[in-house]
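Sequence lines set the chain letters: A, B, ... in the order given, protein chains first and strands last, and positions in each chain run from 1.
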There are 2 protein chains.
Amino acid sequence: MTNQMRSDGTRARILAAAVERFTHGGYDTTSVADICTAASVSKGAFYHHFPSKQAVFIALLERWLDELDETIRNVAAGGESVPARLSRLAGLVGEVSELGTGRVPMFLEFWRQAAKDPEVWRVTVEPYRRFRAAFASLIGDGIREGSLRAVDPDAAALALVSMGVGLVLQGALDPAEARPADAGEHAVALLLTGLARGGEYDTK
Amino acid sequence: MTNQMRSDGTRARILAAAVERFTHGGYDTTSVADICTAASVSKGAFYHHFPSKQAVFIALLERWLDELDETIRNVAAGGESVPARLSRLAGLVGEVSELGTGRVPMFLEFWRQAAKDPEVWRVTVEPYRRFRAAFASLIGDGIREGSLRAVDPDAAALALVSMGVGLVLQGALDPAEARPADAGEHAVALLLTGLARGGEYDTK
DNA sequence: TATTACATACCAACCGGTCGGTTTTTTTGT
DNA sequence: ACAAAAAAACCGACCGGTTGGTATGTAATA
């Protein structure tokens, strides 16, 4: 086995173990020794690959942000009508929270650290801004296209993202009662009804 | 000064210092010594009033829940029409996030601990359920009263609470760009438009 | 005097990070 | 082609510092 392969493998194991432990117990509670044990890696190997515990956290954050950016691109793209693209979003909320239920604690951890560390803050906040900007632009298109009411695009985008965040969070906290997959689409449809020009909003 | 007064005073100082420190640095990072220093209280006094650090946290949580319950009662009450009461909610979101901006980290801390400790989880989740139930009941009234469209009250309540949570959280994370007080009411109005029977929703 | 409220010194456990040494792969010299 | 040397990956004991919690004693109230 080449040196590169070996290195990449242990690095990946450390990252995977870190996300597992951080998710399970949070950043502060999880010790470097915990991560090492979970990754079947020695402390020496850990500090050979990462300069600090915080560096692992930031690497995780950046990986997550890349995924998020890809999601945004997918949402923004597409030649269909604006309402059709918006309704694709309704499904996205359910999808994200299904896939991400286990991840939400980690995601909460990012926010919590963002309140303390300016570097983490900057890199955490930016995707939300991009998210809102993408939606605002989409909504602006819808207004010009005539399929949406002439609302403030920024406020509407904030509303959409907020509801998404709220749904995912509540779904993670109380999956039995606030299942986003079931009620989430319904909730988003409700908001889209308020956005759509006149009468009911057709999610089909 | 009576013994009771003295005791109550130091207890209150510990609680106040705890919320200040937890808000500033999170649960794990804040040490008992930190709290004691901030409260001008010795460690002995601390452990005389509380059996553990966790106990202080739970006392804080319970105090917060009482406030929340009072808020719910205020929202549910009132003899006005349902749309009027719902629009009062729009203002509430801005209000809560204005008052609570500094508190949000603490609130995040509750959620994070809820993922770990079943006891904390139960007591954290319940108010959200009550919140949703209160809104669902209110929306049900609106539907019977004829002022709201015949939507699923539970889904609509989830939508409202989710948007509120999302707005507060985003406002706390990024106050410069996602000011809930400015755009929050607008966002809720948008949702209410989707709820209201026909045409525009009058927030007046 | 008895009890409650507070103060201080102390401890065992743990944590992030370091460091000297060992194993494994790669490069170099011939 | 092959050994020697260099480099990269890895190991685990160790360290200074901190933490939640305790034990023991003192001052204030009942």
Side-chain angles (χ1 to χ4, degrees), chain A residues 1-61 106 109-110 112-113 116-117 119-120, chain B residues 1-61 106 109-110 112-113 116-117 119-120:
Chain A
M1 193 192 289
T2 74
N3 221 336
Q4 184 68 269
M5 283 167 66
R6 193 161 68 120
S7 182
D8 288 355
T10 55
R11 189 190 155 91
R13 288 218 314 283
I14 291 171
L15 250 20
V19 67
E20 195 269 320
R21 298 315 298 165
F22 284 157
T23 299
H24 185 263
Y27 180 81
D28 297 304
T29 308
T30 302
S31 69
V32 175
D34 275 343
I35 298 173
C36 291
T37 304
S40 303
V41 152
S42 75
K43 222 168 184 182
F46 181 98
Y47 280 98
H48 176 74
H49 286 278
F50 299 95
S52 68
K53 184 183 167 187
Q54 168 123 339
V56 180
F57 184 80
I58 287 179
L60 252 24
L61 178 59
M106 186 70 212
E109 206 63 30
F110 286 144
R112 220 175 57 87
Q113 296 289 333
K116 289 191 274 184
D117 187 331
E119 170 69 15
V120 174
Chain B
M1 193 193 287
T2 74
N3 222 339
Q4 184 69 275
M5 284 167 65
R6 194 160 67 119
S7 182
D8 288 354
T10 56
R11 190 189 154 90
R13 286 218 315 285
I14 291 171
L15 250 20
V19 68
E20 195 268 319
R21 298 314 298 165
F22 283 156
T23 299
H24 185 263
Y27 180 81
D28 297 304
T29 307
T30 302
S31 70
V32 175
D34 275 344
I35 299 172
C36 291
T37 303
S40 303
V41 152
S42 75
K43 223 170 184 183
F46 181 98
Y47 280 99
H48 175 75
H49 286 279
F50 298 95
S52 68
K53 183 182 167 186
Q54 169 122 343
V56 180
F57 184 80
I58 288 180
L60 252 25
L61 178 58
M106 187 71 210
E109 208 64 31
F110 286 145
R112 220 175 56 88
Q113 297 288 334
K116 290 190 274 184
D117 187 331
E119 171 69 16
V120 175

| query | Quick one: salt bridge (Lys or Arg N to Asp or Glu O under 4.0 Å) pairs with a partner in residues 10-22 of chain A, sequence neighbours left out? | reply |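 Every pair satisfying salt bridge (Lys or Arg N to Asp or Glu O under 4.0 Å) with a residue in residues 10-22 of chain A: there are none.
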| message | For B:Ile58 and B:Phe50: C-alpha separation, side-chain torsions, deciding distance, then whether side chain to side chain contact (heavy atoms under 4.5 Å, CB included) applies. | response | CA-CA 11 Å; B:Ile58 288 180; B:Phe50 298 95; over 6 Å; no
| task | Determine the interplanar angle of the A:Tyr27 and A:Phe57 rings, folded into 0 to 90°, and report it as parallel if under 30°, tilted if 30 to 60°, perpendicular if over 60°. | result |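 Taking A:Phe57 first and then A:Tyr27, their aromatic rings stand perpendicular (interplane angle over 60°).
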Shortest non-hydrogen contact from [X] to [Y]?
X: B:Leu60; Y: B:Phe110; answer: C-CZ, 4.1 Å
X: A:Leu15; Y: A:Ala59; answer: CD1-CB, 4.4 Å
X: A:Ala17; Y: A:Ile35; answer: CB-O, 3.7 Å
X: A:Val56; Y: A:Ala18; answer: CG1-CB, 3.6 Å
X: B:Thr30; Y: B:Gly25; answer: OG1-C, 4.2 Å

| request: Strictly below 4.0 Å, heavy-atom distances to any atom of DNA chain C: list the hits from residues 2-25 of chain A, or just say none. | output: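 Residues of residues 2-25 of chain A under 4.0 Å from DNA chain C: A:Thr2, A:Asn3.
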| By salt bridge (Lys or Arg N to Asp or Glu O under 4.0 Å) - contacts of A:Arg112 (at least two apart) |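 A:Arg112 satisfies salt bridge (Lys or Arg N to Asp or Glu O under 4.0 Å) with A:Asp28, A:Glu109, B:Glu109 only.
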| message | By the side-chain hydrogen bond (donor to acceptor under 3.5 Å, both in side chains) test, which pairs, at least two apart or in different chains, include something from residues 38-57 of chain A? | response |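 Only A:Thr10-A:His49, A:Gln54-A:Asp117 qualify under side-chain hydrogen bond (donor to acceptor under 3.5 Å, both in side chains).
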| Along nucleotides 7-20 of chain C, 5' to 3', which nucleotides get a B, which get an S, and which get a -, given that the test is a protein heavy-atom distance under 4.0 Å? | BB------SBBB--
| said: If the cut-off is 4.0 Å, is B:His49 near the phosphate of C:dT4, judged by side-chain N/O to OP1 or OP2? | reply: no
| request: Taking heavy atoms of chain B and a 4.0 Å limit, find me the 5'-most and 3'-most nucleotide of DNA chain D within that range. | output: D:dT19 to D:dA30
